[in-house]
Asks: 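Supplied in structure tokens, the structure appears directly below.
Note on naming: letters A, B, ... go to the chains in the order of the sequence lines (proteins, then strands), and numbering restarts at 1 for each one. Just so it is clear, the values below take in all heavy atoms, side chains as well, and ignore hydrogens, waters and symmetry mates.
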Protein chains: 2
Amino acid sequence: MRDAPGEVTGDPADTAGSGGGVRQARKLRTRQALLAAALRLLERQSLSSLGLREVARETGIAPAAFYRHFPDITALGVALVEESFGSLRAMVREIRVQDGDVDGMIARSVDLIAHHVHEHPAHFRFLARERHGGVEAVRTAIRAELDGFVRDLVVDLSRQPASAGWPTGEVRILAELYVNLTILTATAILDAAAGAHRDEQAILEAARMQLRLIALGRRHWRDGD
Amino acid sequence: MRDAPGEVTGDPADTAGSGGGVRQARKLRTRQALLAAALRLLERQSLSSLGLREVARETGIAPAAFYRHFPDITALGVALVEESFGSLRAMVREIRVQDGDVDGMIARSVDLIAHHVHEHPAHFRFLARERHGGVEAVRTAIRAELDGFVRDLVVDLSRQPASAGWPTGEVRILAELYVNLTILTATAILDAAAGAHRDEQAILEAARMQLRLIALGRRHWRDGD
DNA sequence: CGGTCCGGAGAACAGTCGTTTACCGAGTGA
DNA sequence: TCACTCGGTAAACGACTGTTCTCCGGACCG
């Protein structure tokens, strides 16, 4: 530990191919190691019970070194929100480019959700847990980011012919419903993966049915019946 | 503090009108004081960061006395789940006895949700927060109780003419959707009450619209279109 | 009445925590 | 090359934690 002060991951100075900036690259690597270690610990606990020393220990650095990257555990939590929404954004991007019939879009969207949840389970678990968790700053950050998603989705939905004549307020409510259902489905998948009571196929089928119900309701919204 | 050892609430020995059981009544009162104190603290943090000494301090008893009632903070959390579901059950009971046209039922249900959330905000906040929180035993307890609700709701929904010919599996998915929407609405109301970005009337209107969307989808489920 | 039960109090235990301090040594840039 | 920057270390601080122990005094019961 004494002879390799900055060694966090195994391979020192392998990303320093581009001349200078070794210092900066090393700092960034430690920062990401901190985020990864925290995310690892957060699979079994929530942010408000996460200790600074605990994260430092899991990362392999001294407690005092934590302050070189974040002033707080809360600040680390906010950084984790941004990182997690990177995964979510990638998912939404893939979902948005779709077109075709409704049932096909629903089927592919649900598959995409399942795929991304399996690829970044910790990110989704973190967001689901801390969305209503005990740390205000993190809750606020998550809500702000989700609001951005809703706004984007409103634009998408408004373009669809099925929304012709819908006021923005109603489209927004629909978008919020979609976002909430997506999060619920993601957490259900996580619970299933953690050996819960129902298998994943049933969850995906439920998600498809719920989305189909909403699509039907949307189609008949302006009917008298 | 020294001369009134068991005094937790202000009025000693006022419930001891029925002869014996003074000891038992006092223990129960302290237990409820513990639960109330914990619930009070949990409005600003989550269970996994709640300390035993913290709860004892807020209750007004010595830390060691905590063990006379619960072996753990986790056990207190599970007790809080049961208490909170008392409030939830009262709400569901009132919602279930309704009948009439769909729009009327939706309007009254949403009003009932808002009313009960305002009556027991801490209970709803606790359930929303710990449903995906960091303490496994509490998560499991909440899920088990929610499963009970879903089962009851399946019975109710199956009786309605709108569910004629629906397999139980599909009714169950519908019931889960309703339960999840209810929880989401409740937490949205709580956020609004905490000075968030949107006012409560908008949230209730959104809930009504979402329920109407689902009711419409349900009615046209078996159509070709 | 007298012994027992039991929910409290208080003190002490070893840990862990967040934070601050002083210091080190390698990367950086003139 | 040389002074400087800066991400890392070790050590120490007081505060707080969960848990255990012994003791007390009022409720309980024969």
Side-chain angles (χ1 to χ4, degrees), chain A residues 1-9 12-35 37-38 41 45-77 135, chain B residues 1-9 12-35 37-38 41 45-77 135:
Chain A
M1 262 299 157
R2 242 303 184 70
D3 42 340
E7 187 177 5
V8 171
T9 50
D14 49 352
T15 34
S18 58
V22 176
R23 247 189 145 75
Q24 183 178 342
R26 198 112 104 166
K27 174 159 189 179
L28 199 139
R29 222 195 307 164
T30 308
R31 183 191 149 101
Q32 284 171 336
L34 278 167
L35 292 173
L41 293 168
Q45 53 185 312
S46 55
L47 186 65
S48 62
S49 71
L50 189 65
L52 181 153
R53 291 183 104 104
E54 199 180 355
V55 176
R57 203 181 307 128
E58 175 86 7
T59 311
I61 64 172
F66 179 90
Y67 295 100
R68 304 287 188 199
H69 302 271
F70 304 100
D72 258 345
I73 281 286
T74 297
L76 180 142
V135 184
Chain B
M1 263 297 154
R2 235 316 181 67
D3 42 341
E7 187 177 4
V8 171
T9 51
D14 51 351
T15 34
S18 58
V22 177
R23 245 190 146 74
Q24 184 178 342
R26 196 112 102 169
K27 173 157 188 180
L28 200 139
R29 222 194 307 164
T30 308
R31 184 190 148 100
Q32 284 171 337
L34 279 166
L35 292 174
L41 293 168
Q45 52 185 312
S46 56
L47 186 65
S48 62
S49 72
L50 189 65
L52 181 155
R53 292 183 105 105
E54 199 180 354
V55 176
R57 202 182 309 128
E58 175 86 6
T59 309
I61 64 172
F66 179 90
Y67 294 101
R68 304 287 187 196
H69 301 273
F70 303 101
D72 258 344
I73 282 284
T74 297
L76 180 141
V135 183

Asks: Expressed in angstrom and rounded to an integer, what is the separation of B:E54 atom CD from D:dT17 atom C1'?
Replies: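 Going from B:E54 (CD) to D:dT17 (C1'), I get 11 Å.
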
Asks: Provide, to the nearest angstrom, the distance between the CZ atom belonging to A:R29 and the P atom belonging to C:dG27.
Replies: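 Value for this atom pair: 12 Å.
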
Asks: Can you give me the closest heavy-atom contact between A:L47 and A:G77, atom names plus distance?
Replies: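 Between these two residues, the closest heavy atoms are CD2-CA, 3.9 Å.
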
Asks: Between B:G51 and A:K27, which is nearer to the 5' end of DNA chain D once each is assigned its nearest nucleotide?
Replies: A:K27

Asks: Answer yes or no: does a side-chain N or O of B:T30 lie under 4.0 Å from OP1 or OP2 of C:dG7?
Replies: no

Asks: Quick check: closest heavy atoms across A:L50 and A:A38, and the distance to 0.1 Å?
Replies: CD2-CB, 4.1 Å

Asks: How many Å lie between CZ on A:R31 and P on D:dG8, as a whole number?
Replies: 12 Å

Asks: Looking only at heavy atoms, what is the nearest atom pair of B:P63 and B:L52, with distance?
Replies: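 Nearest heavy atoms, B:P63 then B:L52: O-CD2, 3.7 Å.
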
Asks: Rounded to the Å, how far apart are B:I61 CD1 and D:dG18 P?
Replies: 13 Å

Asks: Write down the atom of A:A37, the atom of A:V55, and the distance for their closest heavy-atom approach.
Replies: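 Heavy atoms of A:A37 and A:V55 come nearest at CB-O, 4.3 Å.
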
Asks: Would you state whether a donor and an acceptor, one from the side chain of A:R53 and one from the base of C:dG18, lie under 3.5 Å apart?
Replies: yes

Asks: Return yes if some donor-acceptor pair links the side-chain N/O of B:K27 with the main-chain N/O of B:R68 below 3.5 Å, else return no.
Replies: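 Pair found, side chain donor or acceptor close to backbone of B:R68.
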
Asks: What's the CG-C1' distance between B:L28 and C:dG8, to the nearest Å?
Replies: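 The distance from CG of B:L28 to C1' of C:dG8 comes to 16 Å, rounded to the nearest Å.
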
Asks: Return the nearest nucleotide to the side chain of B:V22; candidates are C:dT28, D:dG8, D:dA27.
Replies: D:dA27

Asks: From the options D:dG8, D:dC6, D:dT9, select the nucleotide whose nearest atom is closest to the side chain of A:A64.
Replies: D:dT9

Asks: Just compare D:dG26, D:dT9, C:dA9 and give me whichever is closest to any side-chain atom of B:R23.
Replies: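 Minimum distance to the B:R23 side chain belongs to D:dG26.
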
Asks: Rounded to whole angstrom units, what separation is found between the CG atom of A:L52 and the P atom of C:dG18?
Replies: 5 Å

Asks: Between atom CD of B:Q45 and atom OG of A:S49, what is the distance when rounded to the nearest 0.5 Å?
Replies: 10.5 Å

Asks: Could you state the atom-to-atom distance from CD of B:Q24 to C1' of C:dG8 in whole Å?
Replies: 17 Å

Asks: Should A:R57 be listed as having a side-chain N or O under 4.0 Å from OP1 or OP2 of C:dC17?
Replies: yes

Asks: Near DNA chain D, which residues from residues 66-75 of chain A have a heavy atom under 4.0 Å away?
Replies: A:R68, A:H69

Asks: Shortest non-hydrogen contact from B:T30 to B:H69?
Replies: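 Where B:T30 meets B:H69 most closely, the heavy atoms are CG2-NE2, 3.6 Å.
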
